[in-house]
> 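My questions will all concern the structure given below.
Predicted model only: the values in this text are computed from it and were never measured. Each chain gets a letter, A, B and so on, in the order the sequences are listed, and its residues count up from 1.
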Number of protein chains: 2
Amino acid sequence: MGRPKQFDEEAAVAQAMEVFWTKGYAGSSPAELAEAAGIGKGSLYHAFGSKRELFGRALSLYDRAGAELTEEFLSGPGTAKERIRAYLRLLVDADFDAPVRRGCLAVNTALELGGRDAEATAAVRRSVERSTDLLAARIERGKLAGDVPASVDAAEQARFLMVTVAGLRVAARTFDRETVHAAIDTAVAPL
Amino acid sequence: MGRPKQFDEEAAVAQAMEVFWTKGYAGSSPAELAEAAGIGKGSLYHAFGSKRELFGRALSLYDRAGAELTEEFLSGPGTAKERIRAYLRLLVDADFDAPVRRGCLAVNTALELGGRDAEATAAVRRSVERSTDLLAARIERGKLAGDVPASVDAAEQARFLMVTVAGLRVAARTFDRETVHAAIDTAVAPL
DNA sequence: CCGATATTTGACCTCTGGTTCAAGAAAAAG
DNA sequence: CTTTTTCTTGAACCAGAGGTCAAATATCGG
């Protein structure tokens, strides 16, 4: 009963995510978020409680979508090195091809709120750990298939790659595509 | 003639740098900056013109101090690998040991203003290029000394390391020391 | 000592941010 | 219908941001 919602909550979160992604947490005003979602400021607060809670929803959505993409991409055909290299290129190319360089929401959040917002920091950490596990699993499969040297420590290499990913996404906001692509090749060289 | 300055401009910039470093550009208010510098808001605007200009001065100071530290540290005794590993540990340990995790001003700036503030982006890029050159030179010396394999491309490896540094400083805001140290070891493995 | 010049300061101003709220609008229950 | 409940909205609120200004203060050349 009661008046039914006139907007899709998930769609609103998705729009908010875009705004947060592009302008950062502090840089996104309720007015912008509401307008992007196509609703009034009041509705936004009624539905989500606060800017911070809405951001939490946006981060969670980003995490789910990212994990799905990662999983799908890594499971494609080819050696571990080929797949991971392609995955890294996908990430940075998405950035270079986008109308505005916005990097990675998780990395941006780690830098903007890391240490100051425990919940956000924990969310980012969980998200990264998930990706790390996916990478490690892919490397492990590569070892079994024989295309990755047995001497490689899959877990360690995966953790290292995630650090590199963070670096790449910072670099993608400052440098040109060639430089970043070269860094990717160097990063996956040990595989 | 005229009333003499009652504060050291460079010292004020240094204090402002600390605030920007800790709270970000948008997160630092003129009131905080003035208080940190121990002067009134009016004096601050009189001396620096605008928040943005003050930030420029702070970035420049950070760059100079960083370059000096890098140079000094890399020229220490030992192999290239040892020195670079120690340097990377120095950076992340400084972060872990600090009362508040603030990462690297240049990296933070790249993410907060990258793409939106051309001047800031250029300043960061210059700063990174300088460090890259120092690293490349150190690797080159290692090759001459015979402690770095001749197969290593010094310039390429240096660029890659700078990407890694960015990643490390993001990681230092989200993960624990052991994880980051392990990533450093993996990063310098090729040397 | 007197202007001339330069600096300092806190009050003040405008604008926006994040949030709340009172009033209206749309459904379902009775 | 009316009541009840839930949603919607723009106005209104308060705090703080970023910046300006007039007045007060300090030094120097004459």
> Roughly how many Å is it from CZ in A:Phe7 to C1' in D:dT9, rounded to a whole number?
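A:Phe7 atom CZ is separated from D:dT9 atom C1' by 12 Å.
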> Taking for each residue the nucleotide of DNA chain D with the nearest heavy atom, is it B:Gln6 or B:Gly27 whose nucleotide lies nearer the 5' end?
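Between the two, 5'-proximity favours B:Gly27.
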> Is the closest side-chain donor-acceptor distance between A:Ser60 and A:Asp63 under 3.5 Å?
no
> C:dT16, OP1 or OP2 - any side-chain N/O from A:Ser29 closer than 4.0 Å?
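No, A:Ser29 has no side-chain N/O under 4.0 Å of OP1/OP2 on C:dT16.
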> Heavy atoms only, 4.0 Å cut-off, all strands: where does B:Pro4 land among base, sugar-phosphate and nothing?
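Sugar-phosphate: the residue B:Pro4, judged by heavy atoms under 4.0 Å, touches backbone atoms but no base.
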> Give every donor-acceptor pair under 3.5 Å between a side-chain atom in residues 154-171 of chain B and any protein atom, sequence neighbours left out.
unit_1: B:Glu156; atom_1: OE1; unit_2: B:Arg159; atom_2: NH2; d: 3.4
unit_1: B:Glu156; atom_1: OE2; unit_2: A:Thr186; atom_2: OG1; d: 2.7
unit_1: B:Thr164; atom_1: OG1; unit_2: B:Phe160; atom_2: O; d: 3.0
unit_1: B:Arg169; atom_1: NH2; unit_2: B:Gly103; atom_2: O; d: 3.4

> Please report, rounded to the nearest Å, how far the C1' atom of C:dT16 is from the CD atom of A:Glu32.
11 Å
> Between A:Arg3 (CZ) and D:dT6 (C1'), how many Å, whole number?
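Checked: the CZ to C1' distance equals 9 Å.
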> Expressed in angstrom and rounded to an integer, what is the separation of A:Tyr45 atom OH from D:dC7 atom P?
18 Å
> Would you tell me if any nitrogen or oxygen in the side chain of A:Ser43 comes within less than 4.0 Å of OP1 or OP2 on D:dC7?
no
> In sequence, state the C-alpha distance, the side-chain angles, and the governing distance for B:Lys5 and B:Glu9, and then conclude on salt bridge (Lys or Arg N to Asp or Glu O under 4.0 Å).
CA-CA 9 Å; B:Lys5 268 208 169 52; B:Glu9 213 167 274; 3.3 Å; yes
> The side chain of A:Lys51 lies closest to which of these nucleotides: C:dT8, C:dG18, D:dC7?
C:dG18
> Nearest whole Å is fine: how far is D:dT5 C1' from A:Lys5 NZ?
13 Å
> If I take atom CZ in residue B:Phe48 and atom P in nucleotide D:dT20, what distance separates them, rounded to the nearest angstrom?
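In whole Å, D:dT20 P lies 16 Å from B:Phe48 CZ.
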> What is the distance from CD of B:Glu35 to C1' of C:dT8, rounded to the nearest Å?
17 Å
> A:Phe48 ring centre to A:Arg57 NZ or CZ under 6.0 Å, with the angle to the axis within 45°?
no
> Has the side chain of A:Lys41 got a donor or acceptor atom sitting under 3.5 Å from an opposite partner on the base of C:dT19?
yes
> Just to confirm, is there a sub-4.0 Å distance from OP1 or OP2 of D:dC7 to any side-chain nitrogen or oxygen of A:His46?
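Yes, because at least one side-chain N or O of A:His46 sits under 4.0 Å from OP1 or OP2 of D:dC7.
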> Within a radius of less than 6.0 Å around NZ of A:Lys23, do more than 12 heavy atoms belonging to other residues, nucleotides or ligands occur?
no
> Using modelled atom types and a 3.5 Å cut-off, is there a donor and acceptor pairing between side-chain atoms of B:Lys41 and backbone atoms of B:Ala31?
no
> Measure CG/A:Leu44 against C1'/D:dC7 and give the value in whole Å, please.
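Distance, rounded to whole Å: 13 Å.
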> Is the NZ or CZ atom of A:Lys51 both under 6.0 Å from the centre of the six-membered ring of A:Tyr25 and within 45° of that ring's axis?
yes
> To the nearest 10 degrees, how far apart in direction are the end axes of the helix from C:dC1-D:dG30 to C:dG30-D:dC1, each fit to five base pairs?
10°
